[in-house]
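Below: the structure, in structure tokens.
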Amino acid sequence: MRFSDLFISYKIGLKDIKSSIPFTELPLYRKIFIIIFLTGIIISGILLIFKQNIFSFIPIGLSLISLIIFAIIDSKKSNLSHMLENYYIPYSEKRMDMIIEVLKKYKINIENADSLDMLITEAKYAQAECDFLSQFEKPFKTLGAIIIPIVVFIVKKISESATPTDVIKMAALAIILILLIFSLIFSFVPIIKDLFYRDYNKYTELMYDLRQVKLFYTKKSN
């Protein structure tokens with residue numbers, strides 16, 4: 001089908017455009033932040049496994065402080081201008097030229113908003129069709145609703161025979177464990193999607209690019 005042909009051409013075009021900035025090409029302050037942030041998290045994780053004392057939280061606390069400092073430095077006008085001129089504008093121009101070239105190849109009038117809307121609708125339908133694991137979302141939610149009361153019941157029973165200090169320690173460890181688990185889940189979700197939904201994110205990118213073309217190139221209707 002023609003839409004599938006267009007989509008494959010679009011994916012081929014994306015392969016020729018770097019979508020991320022290599023670590024070696026990042027500004028110095030971003031490199032320093034990444035190293036400090038990851039080092040702090042790793043050290044805290046190791047200390048929590050072997051030590052489990054108040055000092056285990058110091059590295060992750062330093063990581064959070066570095067995050068605040070990074071946000072302040074990264075929002076400076078000079079740094080924003082540097083990123084805009086050297087990375088964002090060149091990337092935007094390459095990507096916009098690529099999607100326009102693909103659309104013209106398949107005789108799509110980039111000035112016609114209706115044609116672009118139909119392509120966006122078709123991309124949404126194709127994305128839903130490839131999401132074959134969505135049927136498992138409801139069972140997972142049901143499982144979570146069953147597990148949470150069980151965990152609360154177990155914690156309540158343990159706390160009845162524990163001292164207030166032990167309860168505080170267990171609560172702190174439980175919170176840290178939950179945060180680590182959610183961090184791992186959010187870290188691995190993109191990888192899992194790339195493995196099992198190879199085209200899912202590409203459809204999202206196609207819809208985004210089509211909206212950009214519609215925004216900047218279509219003629220305004222009366």
Side-chain angles (χ1 to χ4, degrees), residues 1-27 30 34 74-75 79-145 181-222:
M1 299 292 290
R2 295 290 287 171
F3 178 77
S4 297
D5 299 342
L6 183 148
F7 181 63
I8 292 171
S9 297
Y10 174 76
K11 289 198 296 181
I12 293 171
L14 281 179
K15 290 183 180 294
D16 295 329
I17 303 174
K18 291 182 180 180
S19 59
S20 60
I21 306 170
F23 179 80
T24 54
E25 296 180 13
L26 286 173
R30 289 198 172 198
I34 292 172
D74 199 51
S75 61
N79 289 328
L80 289 174
S81 299
H82 174 80
M83 295 300 295
L84 178 65
E85 295 295 332
N86 292 277
Y87 301 107
Y88 301 144
I89 289 178
Y91 174 77
S92 296
E93 290 176 348
K94 289 179 182 177
R95 187 153 167 172
M96 188 68 77
D97 291 342
M98 182 273 292
I99 183 64
I100 290 174
E101 183 179 343
V102 170
L103 292 173
K104 289 181 177 179
K105 177 181 177 181
Y106 289 90
K107 312 300 182 184
I108 304 295
N109 184 3
I110 62 174
E111 296 180 354
N112 189 329
D114 292 335
S115 296
L116 297 175
D117 284 335
M118 285 190 288
L119 282 175
I120 293 170
T121 301
E122 189 66 22
K124 288 179 181 178
Y125 175 79
Q127 186 182 51
E129 287 293 306
C130 81
D131 190 3
F132 61 90
L133 290 180
S134 61
Q135 57 184 317
F136 297 108
E137 289 182 3
K138 192 172 181 179
F140 277 124
K141 289 180 181 178
T142 304
L143 182 63
I181 291 172
F182 273 100
S183 298
L184 288 173
I185 290 173
F186 281 111
S187 299
F188 282 106
V189 161
I191 299 173
I192 293 171
K193 276 195 172 184
D194 285 338
L195 291 174
F196 294 100
Y197 306 95
R198 299 193 67 181
D199 288 338
Y200 190 88
N201 293 328
K202 293 295 188 298
Y203 283 117
T204 301
E205 293 182 15
L206 174 60
M207 288 184 279
Y208 176 81
D209 288 344
L210 290 172
R211 292 190 185 101
Q212 296 298 306
V213 175
K214 181 181 176 182
L215 178 64
F216 289 101
Y217 288 91
T218 55
K219 290 183 177 180
K220 306 296 182 182
S221 61
N222 293 329

Go through the steps for Tyr106 and Arg2 under the test side chain to side chain contact (heavy atoms under 4.5 Å, CB included), then give the verdict. CA-CA 8 Å; Tyr106 289 90; Arg2 295 290 287 171; 3.2 Å; yes
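- For an aromatic pair to be called close, the ring centres must be under 6.0 Å apart, and Tyr203 with Phe7 satisfies this.
- Contact check for Val213 versus Thr218: no side-chain heavy atoms found under the 4.5 Å cut-off.
- Heavy-atom minimum distance, Leu80 versus Ser75: CD1-O, 3.5 Å.
- Take Glu205 and apply the salt bridge (charged side-chain N to carboxylate O under 4.0 Å, His left out) test, not counting sequence neighbours, and it matches Arg95.
- With sequence neighbours left out, the salt bridge (charged side-chain N to carboxylate O under 4.0 Å, His left out) criterion links Glu25 to no other residue.
- Here Met98 contributes atom CE and Ile17 contributes atom CD1; the two are 4.0 Å apart, rounded to the nearest 0.5 Å.
- In this structure, the side chains of Tyr10 and Asp209 come closer than 4.5 Å at one or more pairs of heavy atoms.
- The environment of OH in Tyr125 is sparse: at most 12 heavy-atom neighbours from other residues, nucleotides or ligands sit within 6.0 Å.
- Here the straight-line distance linking atom OG1 of Thr121 with atom CE of Met207 works out to 10.0 Å at 0.5 Å rounding.
- In plain terms, the two heavy atoms of Phe3 and Leu206 that are nearest each other are CZ-CD2, 4.1 Å.
- Glu85 CD to Met83 CE: the interatomic distance, rounded to the nearest 0.5 Å, is 12.0 Å.
- One finds the CG atom of Leu84 at 12.5 Å from the CG atom of Asn79 (value rounded to the nearest 0.5 Å).
- The salt bridge (charged side-chain N to carboxylate O under 4.0 Å, His left out) analysis of residues 4-22, with sequence neighbours excluded, yields the pairs Lys11-Asp199.
- Residues Asp74 and Arg30 share a closest heavy-atom pair of OD1-NH2, 3.0 Å.
- Residues satisfying the salt bridge (charged side-chain N to carboxylate O under 4.0 Å, His left out) criterion with Asp114, sequence neighbours excluded, are absent altogether.
- Checked against side-chain contact (heavy atoms from CB on, under 4.5 Å), Pro90 has no partners two or more places apart in sequence or in another chain.
- Going from atom CG of Leu6 over to atom CG of Leu103 covers 6.0 Å, rounded to the nearest 0.5 Å.
- Atom OG of Ser20 is separated from atom OH of Tyr91 by 9.0 Å, given to the nearest 0.5 angstrom.
- Under the side-chain contact (heavy atoms from CB on, under 4.5 Å) criterion, Lys104 pairs with Ile100, Ile110, sequence neighbours left out.
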